[in-house]
Amino acid sequence: MQKDSEVEVSENIENINQLMKQRLQKLEEMRASGETAFKSKFARTHLLADVIHAYSEIEPGENTGQEVTVAGRIMAIRRHGKASFMALKDRTASIQLFLSLGTLGEENYKKFLDYDIGDIVGITGTVFKTRRGELSIDVKDFTLLTKSLRPLPEKWHGLKDVETRYRQRYVDLIINPHARQTLLTRVKVVKAIRKWLDNRNFLEVETPMLQAIPGGATARPFITHHEALDIDLYMRIAPELYLKRLIVGDLERVYELNRNFRNEGLSVRHNPEFTMLEVYQAYADYIDMMNLCESLIKYAAEEAVGTLKLTYQEQPVDLSGEWQRLTMIESIEKYGGVKVSFDQSLDELRKIASEHGIRLEEHYGKGRIINEFFEKLVEGKLWQPTFVTDYPTEISPLAKKKPDNPDVTERFELIIIGLEVGTAFSELTDPVDQLTRFEAQVKLHEYGDEEAPKAVDYDYVRALEYGMPPTGGLGIGIDRLVMLLTDNYSIREVISFPHMRPEKG
RNA sequence: GGGCCCGUAGCUCAGCGGUAGAGCAGUUGCCUUUUAAGCAAUUGGUCGAAGGUUCGAUUCCUUCCGGGCUCACCA
């Protein structure tokens, strides 16, 4: 591939359309006249938002005489005879440029107007307001900082083609304010979460992404290979077991906010790599984590979008007030209209399941069946933030059992807009119980459950044998939280570069 | 992986058996306060790819490629 790149480039130049040819021609002319179209550095005196902030109050027709030096991308050109206008955009705002033949002189006026939409320029000029009241910069001096060779999408409709928007996110970001806003909100969410946790003495740590035994969740992992060691490694499906090792190591409060990888289907709410926050707090339980989770998300929402009263896909979502809490069994009765319990027999539960069209695998126990009821009949209906507690032990291999009911665990999931946004539990600290449950999981794998772990993580059990303090652990899916906060239906919208099939071949 | 839908100019879209259109962008004129500027002229397409049916295919059929939604699986 690499050695062919020169050939490919020249082939591309042969095949490109006339719009690019025209721009390449301009580039050639500049080169011939000794000017580079790709300059190194440009010192601005103002960001565009600064200019707007400082001078927005001036009167229409007023010229401040104030000189500013700004830079940005040309987004529109309105040629107008002996005076013309451009729209200039930088990271903070857009402003109008005014070009007049009188000020620039014929040669420079023509030269500037020969620039293209998409070009990146540096400008010096004075701030004034047009008769129509548009704050503008009367250009005295200009320089081309970067020549743009490809035409941008249309100014009015923008770039709509979803495939191009994802594959060429840079274009999406240039042209579609919504794409930019989503990314900026995501940045604020992440920053707010870190700030909240840092302020409470949680330590941000980093644990292995390449793992010999992928644990901490049930999912099919990506497999990779370490050449020097000649062993297969797995991209982590969760950082959980390593973070808890750090709790064993007496760090007491840790978190990690980074990528997990799961080798499963793509969908509007699943990307093969996704960002997860995991928080562990020693001497806390799942109720503490519930409170932590609620405060943290409220804080992040307030910081990122400035309100707790949201709209998602035209439906209101209210994050203010106390979030609903109910057990899984209660939720199935309330939202699914079905009464189930662990007191019923396996056969009874199976019968009710089939009456509701719920398909079950042979090896499912009561807990997993009850969870199926929840997922099929309830989860999608939980639109307002809801903590669902008392998850079955059978599907919670890393959570502490409830002292008064070993069928369920001290665990919750947070559901908003019908989506699982977070999960937390009182971590299982009993090494003997943990080993038993790991072994049961490995059996499931042997029965053909691809998502169950292949091997027991004995080192993790050994760590527990040294003693882990009682600990609450919480996971929050950051992409989904951002979907909620930015009102995006697809997870791909909140990921800068979502996974796509390769473009060619 | 199954089902449904989409792929036409740089972008946004029409056309759907008779050989390709509009708006924006581009190019050339005119225009010194416009702002989706305006007016006039104009360039630009192997109609996603390959087969098939037909006198003739962008249009109908098949396969493939890419994408979207959805179901299954998962967070």
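On a predicted model such as this, the values are computed, not experimentally measured, just so you know. A, B, ... follow the sequence lines: proteins, then strands. Residue 1 opens every chain.
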Self-check item: Heavy-atom protein contacts under 4.0 Å, nucleotides 27-35 of chain B, coded B base, S sugar-phosphate only, - none
Solution: S---BBBBB
Exercise. Any chance you could list the contact pattern along nucleotides 9-16 of chain B? Use B for base contacts, S for sugar-phosphate-only contacts and - for none, protein heavy atoms under 4.0 Å, 5' to 3'.
Key: -BBSS---
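If you check every strand for non-hydrogen atoms under 4.0 Å, A/Thr218 touches sugar and phosphate atoms only. A/Asn271 comes within 4.0 angstrom of a base, heavy atoms only. Within 4.0 Å (heavy atoms only), A/Arg165 reaches no atom of the nucleic acid at all.
Here the C1' atom of nucleotide B/G66 and the CD atom of A/Gln168 are 14 Å apart, to the nearest Å. Here B/A72 presents its P atom at 11 Å from CD1 of A/Ile358, a figure rounded to the nearest Å. Spacing between atom CD of A/Glu375 and atom C1' of B/C71 amounts to 15 Å, rounded to whole angstrom units. Protein atom CD1 of A/Ile175 is 12 Å distant from nucleotide atom P of B/A25, rounded to whole Å. To the nearest angstrom, C1' of B/A25 lies 16 Å from CZ of A/Arg73. We find that CD of A/Glu240 is positioned 12 Å from P of B/A75, with the value rounded to whole Å. Between A/Arg23 atom CZ and B/U43 atom P there is a gap of 21 Å when expressed in whole angstrom units. Computed from coordinates, the A/Arg220 CZ to B/G1 C1' distance equals 12 Å when rounded to whole Å.
Legend: side chain to side chain donor-acceptor pair (under 3.5 Å) pairs involving residues 369-380 of chain A, not counting sequence neighbours, sorted by first then second residue: A/Asn371-A/Glu375, A/Glu372-A/Lys376.
The side chain to side chain contact (heavy atoms under 4.5 Å, CB included) test with A/Asp479 singles out one residue from A/Ile491, A/Asn488, A/Leu484, A/Val421, and that residue is A/Ile491.
When only modelled atom types and interatomic distance are considered, A/Glu493 and A/Tyr166 share a side-chain donor-acceptor pair under 3.5 Å. When only modelled atom types and interatomic distance are considered, A/Tyr109 and A/Ser84 share a side-chain donor-acceptor pair under 3.5 Å. Using modelled atom types and a 3.5 Å distance limit, the side chains of A/Gln313 and A/Tyr489 yield no donor-acceptor pair.
Scanning for ring pair (Phe, Tyr, Trp, His ring centres under 6.0 Å) contacts around A/Phe112 gives A/Tyr115, A/Phe142, with sequence neighbours left out. With sequence neighbours excluded, the residues satisfying side-chain contact (heavy atoms from CB on, under 4.5 Å) with A/Met30 are A/Glu35, A/Ala37, A/Leu144. Looking at residues two or more places apart in sequence or on another chain, you find a side-chain hydrogen bond (donor to acceptor under 3.5 Å, both in side chains) between A/Ser136 and A/Gln96. Shown here are the side-chain hydrogen bond (donor to acceptor under 3.5 Å, both in side chains) partners of A/Arg492, two or more places apart in sequence or in another chain: there are none. Listed by chain and residue number, A/Asp172 satisfy the side-chain hydrogen bond (donor to acceptor under 3.5 Å, both in side chains) test with A/Arg169 (two or more places apart in sequence, or in another chain). Applying the side-chain hydrogen bond (donor to acceptor under 3.5 Å, both in side chains) rule to A/Thr64 yields no partners; only residues at least two apart in sequence or on another chain are considered.
When the C1' atom is compared between B/A20 and B/G44, the two are found 13 Å apart, to the nearest whole Å. B/C16 and B/G52 are spaced 27 Å apart, taking the P atom of each and rounding to whole Å. Rounded to whole Å, the P atom of B/G2 lies 23 Å from the corresponding atom of B/C60. Nucleotides B/A14 and B/C6 are separated by 15 Å at their C1' atoms, to the nearest Å. Taking atom P in both B/U12 and B/U28, one finds a spacing of 26 Å when rounded to whole Å. Across the C1' atoms, B/G23 and B/C31 are found 22 Å apart, a figure rounded to whole Å. Comparing the P positions of B/U8 and B/G45 gives an interatomic distance of 15 Å, to the nearest angstrom. Using P as the reference atom, B/C55 and B/G1 are 38 Å apart when rounded to the nearest Å.
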Nucleotide N/O of nucleotides 68-70 of chain B paired with protein N/O under 3.5 Å:
unit_1: B/G68; atom_1: OP1; unit_2: A/Arg492; atom_2: NH1; d: 3.4
unit_1: B/C69; atom_1: OP2; unit_2: A/Arg492; atom_2: NH1; d: 3.0
unit_1: B/U70; atom_1: OP1; unit_2: A/Tyr489; atom_2: OH; d: 2.0

Report all side-chain donor-acceptor pairs from residues 358-365 of chain A shorter than 3.5 Å, counting only partners two or more places apart or in another chain.
none

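Taking only side-chain nitrogens and oxygens, A/Arg480 never comes nearer than 4.0 Å to OP1 or OP2 of B/A75.
Rounded to the nearest 0.5 Å, atoms CG (A/Leu197) and CG (A/Leu257) are 8.0 Å apart.
Aromatic rings from A/Phe98 and A/Phe85 are positioned such that their centres are separated by under 6.0 Å.
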Quiz item: What pattern of brackets, bars and dots sums up RNA chain B from 5' to 3', given Watson-Crick or G-U wobble pairs under 3.5 Å, [ ] for crossing pairs and | for another strand?
Solution: (((((((..((((....[..)))).(((((.......))))).....(((((..]....))))))))))))....
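Here B/G26 is the nucleotide among B/A37, B/G26, B/A75 with the atom lying nearest to any side-chain atom of A/Ile117.
Looking at A/Tyr234 and A/Ile213, their side chains never come closer than 4.5 Å, going by heavy atoms from C-beta outward.
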